[in-house]
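The structure under discussion appears below in the form of structure tokens.
As a basis for the values below, the full set of heavy atoms in this structure was taken, side chains included, without hydrogen atoms, waters or symmetry mates. Just so it is clear, the structure is predicted and the values come from calculations on it, not from any experiment.
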Amino acid sequence: MIAQEQIPTVLDHPVYDTEGKKIGDAKHVFLDDSTGRPEWVTVRTGLFGTNESFIPIRDASLVQDHLEVPYPKDRVKGAPHVDVDSGGHLDASEERRLYEYYGIAWDDAWQRANQPGEDGWAHGTAGTAGTMGTAGAAGTAGTMDTAGTAGIAGTGGTAGAAEDAMTRSEEQMHVGTEEVESGHVRLRKYVVTEEVQETVPVRHEEVRVVREPITDANRDEALSGPEITEAEHEVILHEERPVVETRAVPVERVRLETEEVVEEETVTGQVRKERIEIEGDDVPEDRDRM
């Protein structure tokens with residue numbers, strides 16, 4: 001159980017689940033109307049911390065500078081969305097819905113809330129709780145009816161402020177980025193066959209008949225054989241033919257690299273702001289709204 005004096009240590013500090021995973025940051029603590037004891041803590045979750053989930057704080061523990069709750073992160077993020085009224089008060093029906101979601105029986109919660117605690121206090125009904133802001137103090141508790149239901153508690157304000165002061169809040173849009181996969185690019189090598197033409201010179205031999213007249217220089221050679229006879233002389237011809245041979249040779253290296261490109265993208269969202277109207281007599285027109 002978190003004591004009231006520990007609330008400033010809880011607010012705006014991390015909240016972790018049963019597996020040591022960070023759920024978000026604690027934003028508000030809701031107090032029991034009759035005793036002022038902490039009943040619920042809200043945690044900002046979501047991509048930009050825009051969602052606020054309720055977690056029972058009764059079994060939570062404060063470890064160093066963070067809060068640990070006995071619930072897994074996914075369960076907390078799936079908790080029912082609850083709209084808290086302008087007075088910072090949790091409706092009984094909404095609180096019952098939250099107890100049922102976390103597996104806490106409503107009757108058990110009521111009995112536990114009305115049993116004397118270690119400090120001798122009796123808790124008010126778990127069905128109604130007021131909120132406490134950062135470094136705020138608990139509001140004035142309402143009276144108990146016959147069923148033990150606590151009256152509506154005042155909202156927490158800044159320490160030392162007047163009880164009739166009102167806190168005006170507004171939402172702020174925080175835009176961040178997350179890295180996601182946008183596609184896959186791969187290199188794949190395959191083989192294709194192309195026709196290539198090249199011109200290469202080739203040589204071949206052709207025969208031609210050479211006739212030489214008989215002269216004094218070749219007369220002896222010409223008359224060395226018989227006078228009349230048959231003879232035959234053969235010449236072998238040669239030619240070149242193209243020969244094709246392929247060889248694999250490296251021509252280039254190809255690889256993939258990533259390059260970071262920065263672009264500007266406009267994000268549009270909606271934020272809610274509280275306005276405070278001043279009602280009454282003799283109120284200047286320029287001061288009736290803040």
For [X] against [Y], the heavy-atom pair lying closest together:
X: Ser61; Y: Leu67; result: O-CD1, 3.5 Å
X: Pro14; Y: Asp65; result: CD-O, 3.8 Å
X: Val69; Y: Ala60; result: CG1-CB, 3.9 Å
X: Glu206; Y: Leu237; result: C-CD2, 4.1 Å
X: Leu11; Y: Lys27; result: CD2-O, 3.6 Å

pair [X]-[Y]: side-chain heavy atoms closer than 4.5 Å:
X: Glu52; Y: Val82; value: no
X: Ile23; Y: Tyr16; value: no
X: Tyr101; Y: Arg75; value: yes
X: Ser53; Y: Thr42; value: no
X: Ile276; Y: Met166; value: yes
X: Tyr102; Y: Ile55; value: yes
X: His66; Y: Val15; value: no
X: Asp12; Y: Asp25; value: no

TODO: Would you sort out whether Glu171 and Lys273 count as a salt bridge (Lys or Arg N to Asp or Glu O under 4.0 Å), showing the intermediate values?
DONE: CA-CA 6 Å; Glu171 294 179 339; Lys273 297 183 179 180; over 6 Å; no
Task: Residue of the set Leu62, Val41, Leu31 for which side chain to side chain contact (heavy atoms under 4.5 Å, CB included) holds with Ile7 - done: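 Among the candidates, only Leu31 passes.
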In Å, rounded to the nearest 0.5 Å, how long is the span from [atom1] of [X] to [atom2] of [Y]?
X: Ile57; Y: Gln6; atom1: CD1; atom2: CD; result: 9.0 Å
X: Asp74; Y: Glu19; atom1: CG; atom2: CD; result: 8.5 Å
X: Lys77; Y: Asp17; atom1: NZ; atom2: CG; result: 11.0 Å
X: Arg97; Y: His81; atom1: CZ; atom2: NE2; result: 9.0 Å
X: Arg96; Y: Asp91; atom1: CZ; atom2: CG; result: 11.0 Å

Do any N or O atoms from the side chain of [X] and from the backbone of [Y] form a donor-acceptor pair under 3.5 angstrom?
X: Glu240; Y: Arg203; answer: yes
X: Asn218; Y: Pro213; answer: yes
X: Glu274; Y: Ser169; answer: yes

Open item on the list: Check this for me: does any side-chain nitrogen of one of Arg275 and Glu277 sit under 4.0 Å from a carboxylate oxygen of the other?
Closed with: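 Salt bridge flag = no for Glu277 with Arg275.
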Task: Glu239/Arg241 ion pair, N-O < 4.0 Å - done: yes
TODO: Check the hydrophobic clustering (I, L, V, M, F, W, Y; side-chain heavy atoms under 4.5 Å; chains of links allowed) and say if Val271 and Val267 are grouped together.
DONE: yes
Task: ILVMFWY cluster, Val185 and Leu187 together (side-chain gap under 4.5 Å) - done: yes
TODO: Kindly determine whether Val175 and Met173 satisfy side-chain contact (heavy atoms from CB on, under 4.5 Å), including the steps that lead there.
DONE: CA-CA 6 Å; Val175 180; Met173 187 171 72; 4.0 Å; yes
Open item on the list: Between Glu39 and Arg58, does the side-chain contact (heavy atoms from CB on, under 4.5 Å) criterion hold? Intermediate values first, please.
Closed with: CA-CA 6 Å; Glu39 281 291 329; Arg58 60 176 58 191; 3.7 Å; yes
Open item on the list: Classify the ring geometry of Trp40 against Phe54: parallel below 30°, tilted from 30° to 60°, perpendicular beyond 60°.
Closed with: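 Ring orientation, 0 to 90° scale: perpendicular.
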Tabulate below the donor-acceptor pairs under 3.5 Å that side-chain atoms of residues 190-201 make, not counting sequence neighbours, or state none.
none

Open item on the list: Per the side chain to side chain donor-acceptor pair (under 3.5 Å) rule, what does the pair list look like for residues 244-257, sequence neighbours excluded?
Closed with: Arg255-Glu257
Using a 3.5 Å cut-off and no angle test, enumerate the donor-acceptor pairs between side-chain atoms of residues 219-226 and protein atoms at least two apart in sequence or in another chain.
| unit_1 | atom_1 | unit_2 | atom_2 | d |
| --- | --- | --- | --- | --- |
| Ser224 | OG | Glu221 | O | 2.8 |

Open item on the list: Counting only heavy atoms not in Glu212 (residues, nucleotides, ligands), do more than 12 fall under 6.0 Å from its CD?
Closed with: no
